[in-house]
Undergrad: 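For reference, the structure I am asking about is given below.
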Amino acid sequence: MDYEPINKIPVEKMKVRPNLTREAELVAGFDWVSLEKELQLEESVNYNLAYAAIDRHLKNQPDKVAMIWEGKSGEQEKYSFKDLALLTNKFANVLLGLGVKKGDRIFIFMARLPELYVAFFGGLKIGAVVGPLFSAFGPDPVRDRLADSGASLFITTPDLKARVEHIFKELPALKNIIIVNKNNRHPGSLGKDEISYETAMEKASPQLGKMASGKENHSIIHYTSGTTGKPKGAVHAHNALIQHYATGKWALDLHEDDIYWCTADPGWVTGTSYGMSAPWTNGVTQLVYEGGYKASMWYSLIEKYRVTVWYTAPTAIRMLMKAGEKIPAEHDLSTLRHICSVGEPLNPEAVVWGQRVFNQAIHDNWWQTETGAILIANYAFMSVRPGSMGRPTPGITPEIVDDTFNELPPGQEGNLAVRPGWPAMFRTYWNNKELYESRFKNGWYITGDRAKKDKDGYFWFIGRTDDVINTAGHLVGPFEVESALLEHPAVAEAGVIGKPDPLAMEVVKAFVALKDGFTPSDEIRRELMQFCRKKLAAASAPREIEFIDKLPKTRSGKIMRRLLKAKELGLPTGDTSTLEDD
Ligand code: PRX
């Protein structure tokens, strides 16, 4: 079914920023340097995300609430910009005291607690490269990330430490472990040689000497999955902040009096770029909720905190749609004036549903871990074409190119590519310059997505060009799951694909051949699922396992996931000339 464009938000609902009422003006009035001046950033003085997001506000609005935190048991805490500035100074001093230096990699493994935010920005202040990790991770993804990056410091809570501590001995570069446990909220104890966050913070000075500064200094590392091998560490630079600031205005339409809620976890790039950097560089109050998805809870939070701008994801929206329209009707959601979504294709039905339930279209936008910031968006002021990702943000030149990396005319499907050089672009993959360079062809950054552009410049997502699975907005590399399965004594071979799913877009499905002496059974199936959940994370573990005698492989021994996918979908298998003989 084709959907008519949904008209822009009624003007009376939208606070129009005078120079942003029309796209042409928006593009004409923009350049990165003037934005840097707006934030009073100077290369060797204060060009640091922590300054732009936190300390910058000490001058004009030190007491403004930066973060409203609600814990999963209903606890509530509020932090002003001044509170955050002092706490992050203290944590920076804790790190300096431990000998952490500029460029050292430090990882944070905890739920969305205030301490996660303090550790993150404290680390940035001294120039450390910070890697927040999704708290649902099992030991394998944590070990892989710390090992690959040679991390020297790890910050966690005792309960999460217990889940992964057996990997520490495999990490020779790891020098310090800091344990956060405010009010003994988390079960578990402080191990020998581990540092108590609370004790160290109590002793630390709230005064910090000079903050590390420089737009090209590395800031954040986020591991992202590819088709082959383990996830790769996309490394970002402090320069990204300027684009977070700008897209926070342009795509999220943030204004100073907004209450903003980004539902993404900082373990993923959305949770750092738009759950930390964009709102705070814009001086906006944001809600951080420790708990997970629950329809009634989410609507209650919007009502309770009078959320005005909401950034979420298609799977969550589909879950809300499934929960029905009775629950939102029981809440006063009238404060909401702009809703955005990212991470997976947003179905046209969801956009139309948003219009009905929230009286406004849900605004899709597109970007990736590697792009660091929103590059394509439906602006608040523009007509939404349901199903489209929107149009390029200022300063960004995306195009559709063919397989020889030449531009295609509007209407034709091809590879989504972007002219490199935007501020938030990743600077490298950690320890893998070769792979980084392979992402650039013929003067384009090749995104790995297939898309098309219509004659009016709107981009439409078609799919990925690789085997990476997108489950509920989380990219899962099939190789990682296959490797985990192969570690189980019963598994001879495993091939993993994304199986289409109405809610999560795709779920992880594994085809498994068992070793001689093992017979397929529901019990082994359950055991394998459990095994992967423990090692990886629930989100990356197979939701379905099908036993087969032998996996289709090329003559060189590579699993042909394409054939497994065709089998799953009941489609023709296409070219099988490279398939190994029986
Ligand atoms: O395939 C695209 C999909 O998610 C990928 C990026 O995932 P990740 O690196 O984890 O970044 C998450 C931060 C956005 C893309 O290559 N994707 C992202 N946004 C959309 C999307 N697919 C369709 N529509 C979108 N709006």
Undergrad: What residues form a side-chain hydrogen bond (donor to acceptor under 3.5 Å, both in side chains) with Trp366, not counting sequence neighbours?
TA: Asp449
Undergrad: Check whether any side-chain heavy atom of Arg450 lies under 4.5 Å from a side-chain heavy atom of Glu413, and answer yes or no.
TA: yes
Undergrad: In chain order, what residues pass the side-chain hydrogen bond (donor to acceptor under 3.5 Å, both in side chains) check against Glu198, with sequence neighbours excluded?
TA: none
Undergrad: Between Asp253 and Tyr379, is any side-chain donor less than 3.5 angstrom from a side-chain acceptor?
TA: no
Undergrad: How close do Arg318 and Met505 get, heavy atom to heavy atom, and via which atoms?
TA: NH2-N, 3.6 Å
Undergrad: Do Ser273 and His244 have side-chain atoms, one donor and one acceptor, less than 3.5 Å apart?
TA: yes
Undergrad: Return the set of residues passing ring-ring contact (aromatic ring centres under 6.0 Å, His included) with Tyr245 (not counting sequence neighbours), or none when no residue passes.
TA: none
Undergrad: Of all residues at least two apart in sequence or in a different chain, which pass the ring-ring contact (aromatic ring centres under 6.0 Å, His included) check with His186?
TA: none
Undergrad: I'd like to know if Lys78 pairs up with Asp83 as an ion pair, taking the criterion as any Lys NZ or Arg NE/NH1/NH2 lying under 4.0 Å from an Asp or Glu carboxylate oxygen.
TA: no
Undergrad: side-chain hydrogen bond (donor to acceptor under 3.5 Å, both in side chains) with Tyr51: which residues, sequence neighbours excluded?
TA: none
Undergrad: If I take atom CD from residue Glu70 and atom CE from residue Met297, how far apart are they, to the nearest 0.5 angstrom?
TA: 4.5 Å
Undergrad: Below 6.0 angstrom between ring centroids: does that apply to Trp353 and Phe358?
TA: yes
Undergrad: Suppose we call two aromatic rings close when their centres sit under 6.0 Å apart. Are Trp268 and His474 close by that rule?
TA: yes
Undergrad: Please list, chain by chain and in numerical order, all residues satisfying side-chain hydrogen bond (donor to acceptor under 3.5 Å, both in side chains) with Trp460, sequence neighbours excluded.
TA: Asp454
